[in-house]
Amino acid sequence: MKIDKFWLSVLVILIAGFAFTKLADNEFYFFTTYVVLQGLIMAVAWNILGGFTGYVNFGSAGFFAVGVYTTVALNKAFGLPLPVLLLAAGVICGLLGLAAGYLTLRLKGVYFAIATLATALVLETIVNNWKFVGGAAGTYVLQPKGSFIFDNYIELLFMLMLVLAVAATAISRYLSSSRIGQGLAAIRDDEVAAECMGVPTLRLKLISTTAMGALMGIAGAPFPFFVTFVDPVSAFALVIAVNAIAMPMIGGTAVWYGPVIGALLLGAIQETATVTISSELNLLIVGVMLVLFITLAPKGIVGLIQDYKKKKGANNG
Amino acid sequence: MITLELFLNAVVAGLMLGGFYAAVALGLSITFGQLDIVNIAHPTFVILGSFVAYILNQNFGIDPVLIGVVFMPVFYLIGTTLYRVYYVSFERTGQESLSGLAFFFGLMFIIEVVLILTFGVDYRLVNAAYIGKTLHIGFLDMPFRMLVPAIAATIMTGAVVLYMTKTFMGKAIMAVSQDRLALQLMGADPIKVKRIALGIAIATASLAGALLIIIQPVEPSVGRLYIGRIFAIVVLGGMGSISGTFVAAILIGVVESFIATFYGPSWAPAVGFGILLLTLAIRPQGIFGRA
Amino acid sequence: MADRVLNVTDLTKRFGGFVALDSVNLHLDKGERLGLIGPNGSGKTTMINCISGSLFNDEGTVEFEGRDITSLPAHKRAHMGIARSFQIPKPFKSMTVLENLCIPLEFAAWDRADHRHISEQAMEILETIKFAERAHENSGSLTQVDMRKLELARALAAKPTLLVSDEAMAGLSSSEVDEILEILLVLNEQGVAVIMIEHIMRAVMRYSERIVVLDAGKKIADGSPDEVMHNPEVERAYLGE
Ligand SMILES: Nc1ncnc2c1ncn2[C@@H]1O[C@H](COP(=O)(O)OP(=O)(O)OP(=O)(O)O)[C@@H](O)[C@H]1O
Ligand SMILES: [Mg+2]
């Protein structure tokens, strides 16, 4: 029953998204929703490791940027079509995630988190020194010609992002509601006990980090065509990493729809703030909301709603 | 062509740089090493120190080092306040590790954005008579903008070591995470001890920030580069051993100086992070740490 | 020989320079009840860690049902039928008591258990140890004593052939101890071999068919409860403590 509801919503969302490209003609809408959807994929991906498995990744921007620069490099070298670029970014970042997974063998908790942050900064230094993709100065990327069945390229990118966001959510939902999700939750609560209760902790952590990495890479892959100018500052932007953490934390990390709620809410607030106030102030909003939620409502909006329901139930009964 | 002259100058430059790094890492060595508080926002407090020095130096022409020292009590209060929040929200509920980390991550971001909103992203600098002058000893060049911070940092580190080893509160701080029993025997309240320790840690950021802006122009996001570097130093130094931190800082300074001299400065930032990753992967307890 | 469940040969474990276990030999037959005792810090928990795979031993071999498992990871050993409880309880804090039991049912016992009705099976286990009324409580907020019961319940849910219980009864009242002993006896009658680590002498003596004594990482006695009680070396180890 529940499965039907989910896939039905997916269908409705995709059709509505497609209709949107045919009805709306202000490109601004597509730019805005693209950014929100990109944040959503990052948040969902982060939560697979951070929320389900309990390993905090501060280096999300690194995974994202590797996806970005996979596109930049392969596009420049071979001019490959977008689907191939997506696949390549997914594979490369998936491998990077796999490596991060092996890192969890030695590094737990805080040390893992710091290592991810350090990795992102090492990657940034490497890209800064990589002349082929423009180094620190950055590079221009031309949008490919032709936009499939869409009126222009931004509509195509929007629709692509919508499909990817839905796919990412479906993957995350599958992971959390399957036996894998049970195992990941056990790992998050106590890795030693999980292993002794038969949970193949390493294998599940590798699945988790690889899925996270691949999704983040795929989220980054279309970015060069979206912005048409890429430099390390924008690809490795701290706000990407902060959003990837803030959105799940604000929505709620324990369930698959937590990061979705957080991403839609925070994304909408940010985009509105960027237009009406200033883009710096919207960064401040993210930071403040993150800190407030961590200190006051560590289970996020989902947790608040659950508590509210419980209280109401207790009052009624 | 590597000449002896170039080599020795790289060593001396590295020593001075490392001395300064010790000042930045000192605070983290106390929070992370002694208190198990993973304050990744520490470099951002250092940047805050830089901007305090910038404002007062530009408006009143006060010497940056003096500003750094005078503002230590203010930073101390920030630190103790921060501990109260941290304690109530995380430590008391046993949520400290990961939520606490995300808290400091958010805090780092907030401070950085506030600085950007106030000062923009332009590089700022300070003026003092000695900045720009260089001490020549034989073929060794020691610019005062490096020498002064190195000396000030060494004095500050020495003072903290003295405090930690000679005073009652210092000893309590050294015991607070490793040796609960000793702390109990001393009759010290761990919460108070930690509050003071975090105060001291943040206070060091005041001077470290002033020293940073003497060495180089500063903009709000410069702090990020220091995260990997100072974690590398603290982990390498064996977590919470302050003299270990100092040695590790010197080591990283020298290595970076070599990389910058012989490969180009754009690679230098990767040194700290690279060493950090290697240390974490091979020997998480640090090179100088206990087994 | 065919019904030898566990065979530990010359097991040595060091922490840095400290030798926590010094070539210890230990064996256990199918359905046997073994008590493992020794003063604090004598290496009992370390022994369990090496048997269950939470730690890898430095020297020696561990065989389970005739198979060398020395280098197998803990989860594989759990799948084969080794289950343990933890001396310091390690509940899955975000889960309810019932959900805690579902983890071993869905992983350790997966190849041996019915894949359907997981929660019903978990509930049955809780009923056998008279813990069912706590099923839907959050495991993180249990009392220390209840957490120990959960530890035991969770180990039972792994459907083991070898159950190792590390001080499951500390802090329990004497009637509760009797209850747990009863459960372990029933389990044992079903053919499960049990290693019981316990400081409560009365319980160990009553329950065990054989007792092994560790002292400072060495095995100093191995025999019937009677023999062990009258072993002068054992007396020395305990009195010298
Ligand atoms: N991970 C570890 N690192 C270093 N030393 C350890 C470690 N685990 C145990 N030890 C040491 O090994 C020795 C044996 O410990 P173990 O926990 O096995 O004792 P025990 O017999 O279970 O004691 P108790 O009755 O108190 O539970 C102790 O001296 C302990 O300090
Ligand atoms: Mg023990």
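Numbered from 1 within each chain, the chains take letters A, B, ... in sequence-line order.
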* Over all heavy atoms of both residues, which pair between C196(A) and R84(C) is shortest? Give the atoms and the distance, please. =>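 In this case the closest contact between C196(A) and R84(C) is SG-CD, 3.6 Å.
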* Structure fact -> Scanning both residues in full, the closest heavy-atom pair of F107(C) with P200(A) reads CD2-CD, 3.7 Å
* Would you mind checking which part of R154(C) comes under 4.5 Å of any heavy atom in chain A, side chain (CB onward), backbone (N, CA, C, O), both or neither? => both
* Structure fact -> Whatever's closer than 4.5 Å to a heavy atom in chain A on M80(C) counts as neither
* Asked: chain C heavy atoms under 4.5 Å from A254(A): which part of the residue, side chain, backbone, both or neither?
  ->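 A254(A) has no heavy atom closer than 4.5 Å to chain C.
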* **Non-neighbouring partners of V122(A) that pass side chain to side chain contact (heavy atoms under 4.5 Å, CB included), sequence neighbours left out** =>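 Residues passing side chain to side chain contact (heavy atoms under 4.5 Å, CB included) with V122(A): I126(A), F273(B), L277(B).
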How long is the span from the [atom1] atom in [X] to the [atom2] atom in [Y], to the nearest 0.5 Å?
{"X": "W110(C)", "Y": "R179(A)", "atom1": "CH2", "atom2": "CZ", "value": "4.5 Å"}
{"X": "I103(C)", "Y": "D190(A)", "atom1": "CD1", "atom2": "CG", "value": "11.5 Å"}
{"X": "E195(A)", "Y": "S52(C)", "atom1": "CD", "atom2": "OG", "value": "9.5 Å"}
{"X": "S94(C)", "Y": "R188(A)", "atom1": "OG", "atom2": "CZ", "value": "4.0 Å"}
{"X": "Q182(A)", "Y": "E99(C)", "atom1": "CD", "atom2": "CD", "value": "7.0 Å"}

Around [X], counting heavy atoms of other residues, nucleotides and ligands shown, do more than 12 lie under 6.0 Å from its [atom1]?
{"X": "R203(A)", "atom1": "CZ", "value": "no"}
{"X": "L292(A)", "atom1": "CG", "value": "yes"}
{"X": "Y174(A)", "atom1": "OH", "value": "no"}

* **Choice from P104(C), A78(C), S54(C), P73(C) maximising heavy atom contacts with chain A below 4.5 Å** => P104(C)
* Do any of residues 46-54 of chain A have a heavy atom less than 4.5 Å from a heavy atom of chain C, and if so, which, in residue order? -> none
